[in-house]
Amino acid sequence: MSFPYMEAVVGFMISVYIFETYLDLRQHAALKLPTLPKTLEGVISQEKFEKSRAYSIDKSNFHFVKQFVTIIMECVTLLFGVLPWFWKKSGDVLESTGLDAENEIYLTLAFLAGVMIWSQITDLPFSLYSTFVIEERHGFNKQTIWLFFRDMIKGMILALVIGPPVVAAIILIVQKGGPYLAIYLWGFMFVLSLVMMTIYPVLIAPLFNKFTPLPEGELRTKIETLASSLSFPLKKLFVVDGSTRSSHSNAYMYGFFKNKRIVLYDTLIQQCKNVEEVVAVIAHELGHWKLNHTMFSFVAVQVITFLQFGGYTLVKNSKDLFMSFGFDTQPVLIGLILFQHTLIPIQHLLSFGLNLVSRAFEFQADAFAKKLGYSKPLRDGLVKLQEENLSAMNTDPWYSAYHYSHPPLVERLAAIDEADKKTD
């Protein structure tokens, strides 16, 4: 008797949904609390707290609906054989256009094109509501409906340009990889990730946003001085027009070896009017680099990817796996998709573990910025960003431990204050 892979996957998906819904309910109750945490009393204004509370509750209500619809669609897709039906229909489409339906690369690309279109259609109502109702209601949305659809079309075009050669390469590697398949797949994905990390900020990101050099002035001088003092090889310093789409703020850095770049959202500069607060945020980000957090994350992803491909090589020829999900053939892409479904339990455990590590890294980066003398501006900057982004002020400890890759503001401020007390 073959193992019931599909039933096991659906059962675990439902179990995860029930567990995460329980956590969502705990978080929803925390969001409805009428008062600030004691740590934030006198730090966050009552007006900002009320706005944050309303925004968080709106997002939470929306999340309940979206997650319910999502689990229903995922279960229906698996239990009613939608994937094998879609695969066969993709072959019919190829035959009707005169293309070879026996060619696995053509068939896979036709299948993916159909899945992409279907995904865009089913996700569109949620994206529109999130952007033009919730974000609009709370003053964050800055994009027009035209810009929204233009971005969506650009994304689809990029997928059509980049996807086919990548998919074709993966199929060929699996077909000809032999006993070293896991190594070849990992090597290909490793090189692909390096290529994408190189071309994304240079060729792809500018298709969606405008990047301009940070003007000469106090902010630029202080960031360059800070980078130099840490031997950070800063080559370029940009401002991105994030305000054309949203008033949420951020900052990030990228680049290899001696060619590093820092990008500031224009909204970050607008919200943190004190230059020291912006520099403190950058000091935090540089802390991640100096403490090798970025390298750790990259290596961890590579190790996990290699182990996943190693596991895939063990089951890729399992007829029981394919038959359990309704397939009478064993296409490469379908094998990868089904294998990912069987890994759902492990993926959730890994995600939880990586979140714990990420939270520890955030505390370390805060401590790094504090050692550089940015304790007060970092504290003020974190509070300002929390206020301006209307982030949740009250968080359930179980929910945040499971979902958050960054500690809640209350915990970060407590850590900074504790460090200050020890110094005193």
Side-chain angles (χ1 to χ4, degrees), residues 1-28 59-93 107-108 110-130 134 152 156 159 167 304 308 311-312 314-316 318-352 354-355 396 398-399 402-403:
M1 183 177 178
S2 60
F3 183 79
Y5 288 101
M6 182 180 70
E7 290 77 5
V9 167
V10 171
F12 191 80
M13 285 168 51
I14 293 174
S15 299
V16 169
Y17 170 74
I18 293 172
F19 172 67
E20 292 186 345
T21 299
Y22 168 69
L23 293 181
D24 291 338
L25 289 169
R26 289 178 60 97
Q27 175 67 0
H28 193 76
K59 289 197 301 178
S60 179
N61 289 330
F62 174 71
H63 176 76
F64 281 119
V65 175
K66 185 177 181 181
Q67 290 303 104
F68 178 74
V69 173
T70 299
I71 189 64
I72 293 297
M73 291 180 62
E74 289 178 347
C75 290
V76 167
T77 297
L78 294 179
L79 292 174
F80 289 88
V82 175
L83 286 178
W85 176 83
F86 219 106
W87 181 262
K88 291 177 182 178
K89 287 297 179 184
S90 299
D92 294 340
V93 171
L107 184 52
T108 301
F111 174 80
L112 287 177
V115 169
M116 181 178 70
I117 293 171
W118 174 248
S119 297
Q120 291 287 354
I121 292 173
T122 54
D123 188 59
L124 185 59
F126 295 107
S127 296
L128 287 172
Y129 187 87
S130 175
I134 295 179
M152 186 177 75
M156 294 178 70
V167 171
I304 292 171
Q308 286 180 328
Y312 167 69
L314 298 176
V315 302
K316 71 182 184 71
S318 171
K319 291 183 179 180
D320 289 345
L321 175 63
F322 287 86
M323 291 180 64
S324 178
F325 286 89
F327 288 90
D328 51 16
T329 58
Q330 297 173 250
V332 170
L333 177 78
I334 298 301
L336 286 168
I337 293 174
L338 298 185
F339 179 64
Q340 288 298 314
H341 275 82
T342 63
L343 285 183
I344 288 176
I346 299 175
Q347 289 172 340
H348 280 274
L349 290 175
L350 285 173
S351 176
F352 176 66
L354 290 174
N355 275 348
D396 177 76
W398 288 21
Y399 179 91
Y402 182 78
H403 282 292

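Because the structure is predicted, anything quoted here is derived from the model rather than measured. In what follows, every heavy atom counts, from backbone to side chain, and hydrogens, waters and symmetry copies are set aside.
- Taking each heavy atom of Asp396 and Tyr399 in turn, the nearest pair found is OD2-N, 2.9 Å.
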Side-chain donor-acceptor pairs of residues 343-352 under 3.5 Å, sequence neighbours excluded:
from, atom 1, to, atom 2, distance (Å)
Gln347, NE2, Gln340, OE1, 2.6
His348, ND1, Tyr402, OH, 3.2

- Could you go through the side chain to side chain contact (heavy atoms under 4.5 Å, CB included) check for Met73 and Val82 one step at a time? CA-CA 10 Å; Met73 291 180 62; Val82 175; over 6 Å; no
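- Taking a 6.0 Å sphere around CZ of Phe68, one finds it holds 12 or fewer heavy atoms contributed by other residues, nucleotides or ligands.
- At a threshold of 4.5 Å between non-hydrogen side-chain atoms, the residues Tyr129 and Leu124 do not count as touching.
- Remark: the backbone N or O of Phe86 is paired with a side-chain donor or acceptor of Ser90 at under 3.5 angstrom.
- Side-chain atoms of Leu83 and Phe325, non-hydrogen and from C-beta on, never get closer than 4.5 Å to each other.
- Annotation: the span from Phe80 atom CZ to Trp85 atom CH2 amounts to 14.5 Å, rounded to 0.5 Å.
- Counting heavy atoms from C-beta outward, Ile337 and Phe111 have side chains that approach closer than 4.5 Å.
- Side-chain contact between Leu354 and Ile304 is present, with at least one heavy-atom pair separated by less than 4.5 Å.
- Side-chain contact of Ser119 with Asp123: a donor-acceptor pair under 3.5 Å is absent, judged by distance alone.
- The neighbour count for Met323 CE, taken as heavy atoms of other residues, nucleotides or ligands under 6.0 Å away, does not exceed 12.
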Side-chain donor-acceptor pairs under 3.5 Å in residues 5-15, sequence neighbours left out?
from, atom 1, to, atom 2, distance (Å)
Ser15, OG, Gly11, O, 2.9

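- Side chain of Ser324 to main chain of Leu321: no donor-acceptor pair is present (N/O by atom type, distance under 3.5 Å, no hydrogens or angles).
- Taking both residues in full, the closest heavy atoms of Thr329 and Phe322 are given as O-CD2, 3.4 Å, listed atom of the first, atom of the second, then distance.
- Taking the side chain as every heavy atom from C-beta outward, Phe19 and Leu23 approach each other to under 4.5 Å.
- Between Gln330 and Lys319 the shortest side-chain heavy-atom distance falls below 4.5 Å.
- A heavy-atom distance below 4.5 Å is found between the side chains of Val332 and Tyr312.
- Pairs of residues two or more places apart, or lying in two chains, that qualify as side chain to side chain donor-acceptor pair (under 3.5 Å) and include a residue from residues 61-78 are Asp24-His63.
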